[in-house]
Each structure stands twice: as C-alpha cells, then as structure tokens.
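Along the sequence shown, residues are numbered consecutively beginning with 1. For the numbers below, each heavy atom of this structure counts, side chains included, while hydrogens, waters and symmetry mates do not.
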Amino acid sequence: PPGRALGASVPAMLPSTSSSESLLQEALSAAERDGVRGIPMALKSLLGQTTIGTRRLDAVSAYWRLAHTIAAYHYALDEHRFLAALSAADSRDDQLLLSAAQATAKAERAESRLAAVRAQQALAEIASPAPGAEWPLPADPPFVGAYRTYFKELNERGAAANDLRQIDETLPVIHELIEAQAEAVVASGTALNQVRRASEQGQASLVQVLDAHQRLHRHRRAFLAAVEQYNSQIARYAFSVTLPAATGERVVGMLISTGKAQKSVLASKKDGGQIQRVSGEEPVGDAQGGPQFRTPRLDSP
C-alpha cells in the first residue's frame, strides 16, 4: 500500500460516506518512518511459489494475518500519538488516569509491532525469500466486498461438498459485521473529536475523552478481526472447490478483486454449464475457461 500518515495527533477519521475499503486502506497506510520495513509481495506471487493445497491455504492465512497485524500496529501508533498529545488538568486523579492510558498505549504499540514482525517472519518461512532479502509485506489488501460463492450451483454439480454450506451461510453475516464495524469506527472517531474539542473548552472531562478513545480502539480492532476472519473463510472455500494445480493468477481471482475492469470470473458459465470460478464480483466471459474442480473436504483443501 502507498505510504500515507495517519493523523499525527488525532486518529484518522473518514467521512460517513466512506466504505470499508477506504477504512481498510487508511489502516494499512503509514508514514515511511513508522511503517514496518519489507518488500511488498503480491498475493499472486506468493501463490505461484506453492502448489500443494494445504500449503496454499497456509500461505494465504499467513498473508492475511500479516495484513491484520500491520494495520493493528498502525492503529496503535495513531492512538499513542493521540494520547501523548493530551494534557491533564491540575487534578491529580486526571494526571494519573492520563499517565496510565499513555503507558498502556505505549505498551500496545510495542506489542503490535512485535506481532507484525512475527507475522512477517511466519510469511517469510512460507515464501522462502532469497538469503539476505527483506521480509515480505502484503501488496494486496484483503477483500471486504460482498462475496458470491455460487454454492448451490457448485453443490449441484458435485464441485462443492455439503460441508461448505456453513461457509456459504456464514460469509454474508461476516460481511455485514465488517460493514457495521466500519460504521462504528467512523462514528466513534467523530465522537472522539467532538469530545476532545469539548474538553479543550472545559465542557467535557478527561474521563469522557478516554472513554471515547477506548470505544474507537475497540471498534477498530473488531473491524480488523472481522476482515481477517472473512478472508480466511473465503480462502478455505476457494481452495476447497478448486484443484491445487490451478495457477496462482486464477486462484487470486477467487480471493480478492483483481481490478480488471472491476470484474472477475464467477462460478458458472452460460455456455455449456461448465464450472469456472468463484469470486466476489460480477461474471464476465473467459475464453480460456477456468480451473477444474473436485469434490472438496474442509480438512484437506
């Protein structure tokens, strides 16, 4: 993701019309001086290095875990700066409260950075970079749009086992959760800004500011957790309905938006009914056809 600084003293806010995609982009962006060091790796490149089904699933899971931890680290940086810029009144109680909140934010910043570094190491073990090469960074953001599994059609053709019904039914619920948490992040950020301005004018207490900040913190982490869960479930579904021999490019089209005219191939073709792909976007023609499918098992993608 392009380098972009979150607010230096106030958590980055988005207008109410912003989508979860924009919110996620903000979370994944940070100034170069703050960001985790590494070389961006495209999901396509990562999958091209692994051919075994279970290994590909592990690779994608590690990829999304790294994206999650980096976004959480950026949030922690942002929140620590916000609290560091606050000042307490002459009240000793307020001073103690603020000192405790600042110390907690500093500890979480360090803990979040450690989690991101460990996630980098875990992905590097799978990606097997050249000796001395920098550790990988996710170049592709997680998918947060509506994902269409076409489970019914695939199941009727024997390409999706009945066990996958659980994922098919769960994905829309997780997507709804992502959208709800994104709205909560925006609303909580707006409320925090208002409470802070009121505090500076003597119309709100420090306790109210810290409560509003904690609410924003909670919804941010819940948003990131929902995004990772969503993409992990998508990966399990996609790898359960396609053979391991499918190319990295085709598999990526089942996991995230490919950006090709905002469309990617879906589950079934109109001509002949041959099963093609699963994706979160609208169907378009594919003259080369899609990968072959098999009857899947969740415990052996």
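Under the 4.5 Å side-chain contact rule for hydrophobic residues, V207 and V209 share a cluster. One hydrophobic cluster, built from ILVMFWY side chains closer than 4.5 Å, cannot hold both F223 and L177; they sit in different ones.
Here the side chain of H74 pairs a donor or acceptor atom with the backbone of A27 at under 3.5 angstrom. Panel note: side chain Y63, backbone M41; a donor-acceptor pair is recorded below 3.5 Å. Proximity of a side-chain donor or acceptor of Q120 to a complementary backbone N or O of A115 within less than 3.5 Å is not detected. Side-chain atoms of D94 do not come within 3.5 Å of backbone N or O of A88 as any donor-acceptor pair. Not one N or O on the side chain of Y73 forms a donor-acceptor pair closer than 3.5 Å with the backbone of V117. Within the 3.5 Å criterion, the main-chain N or O of L83 finds a donor-acceptor partner in the side chain of Q102. Here the side chain of S199 pairs no donor or acceptor atom with the backbone of V195 at under 3.5 angstrom. At distances below 3.5 Å, not a single donor-acceptor pair connects side-chain atoms of S112 with backbone N or O atoms of R109. Using a distance-only test at 3.5 Å, with no hydrogens or angles considered, a donor-acceptor pair links the side chain of N231 to the main chain of V227. Between the side chain of E183 and the backbone N or O of A180, no donor-acceptor pair lies under 3.5 Å.
Ring planes of Y230 and H175: tilted class, angle from 30 to 60°.
Counted within 6.0 Å of CD on Q95, heavy atoms from surrounding residues, nucleotides or ligands total more than 12; the atom is thus considered enclosed. Environment of CZ in R218: crowded, with over 12 heavy atoms of neighbouring residues, nucleotides or ligands closer than 6.0 Å.
The two residues G189 and L216 have their closest heavy-atom pair at N-CD1, 3.8 Å. The two residues N155 and A161 have their closest heavy-atom pair at ND2-C, 3.8 Å. Between A238 and L255, the shortest heavy-atom distance links the atoms CB-CD2, 3.8 Å. Taking every heavy atom of both residues into account, W135 and A124 meet most closely at CD1-CB, 3.9 Å. When all heavy atoms are compared, the tightest approach of P141 to I256 is O-CG2, 3.9 Å.
Two residues are said to be in side-chain contact when any heavy atoms from C-beta on lie closer than 4.5 Å; I39 and L137 fail this criterion. In this structure, L77 and F82 have side chains that are not in contact, with every pair of non-hydrogen atoms separated by 4.5 Å or more. Looking only at side-chain heavy atoms (C-beta outward), L24 and P142 come within less than 4.5 Å of each other. When side chains are defined from C-beta on, Y237 counts as touching L154, because their heavy atoms get closer than 4.5 Å. Within the 4.5 Å cutoff, side-chain heavy atoms of L123 are placed close to those of L46. Within the 4.5 Å cutoff, the side chain of D168 has no heavy atoms near those of the K152 side chain. Counting heavy atoms from C-beta outward, Q208 and D211 have side chains that stay 4.5 Å or more apart.
From H80, atom NE2 reaches atom OG1 of T104 across 10.5 Å, with rounding to the nearest 0.5 Å. Atom OG1 of residue T149 and atom CD1 of residue I167 lie 9.5 Å apart, to the nearest 0.5 angstrom. Going from atom OG of S61 over to atom CG of L66 covers 12.5 Å, rounded to the nearest 0.5 Å. Taking CG of L206 as the reference point, atom CG of L96 lies at 11.0 Å (rounded to 0.5 Å). The line from CG of L164 to CZ of F151 is 6.0 Å long, rounded to the nearest 0.5 Å. Considering CG of L23 and CD of E179, their distance stands at 9.5 Å, rounded to 0.5 Å.
Partners of R65 by salt bridge (Lys or Arg N to Asp or Glu O under 4.0 Å), not counting sequence neighbours, listed by chain and number: E228.
Ion pairing between a basic and an acidic side chain is recognised when a charged N comes within 4.0 Å of a carboxylate O; E200 and R196 show such pairing. The existence of a salt bridge linking E79 and R221 is confirmed by a sub-4.0 Å separation between a basic side-chain nitrogen and an acidic carboxylate oxygen. The residues K44 and D140 are annotated as not salt-bridged, no charged nitrogen and carboxylate oxygen being separated by less than 4.0 angstrom.
If you check the side chains of S22 and E26, you find no donor sitting under 3.5 Å from an acceptor. Counted by atom type alone, H217 and E108 present one or more donor-acceptor pairs between their side chains at under 3.5 Å.
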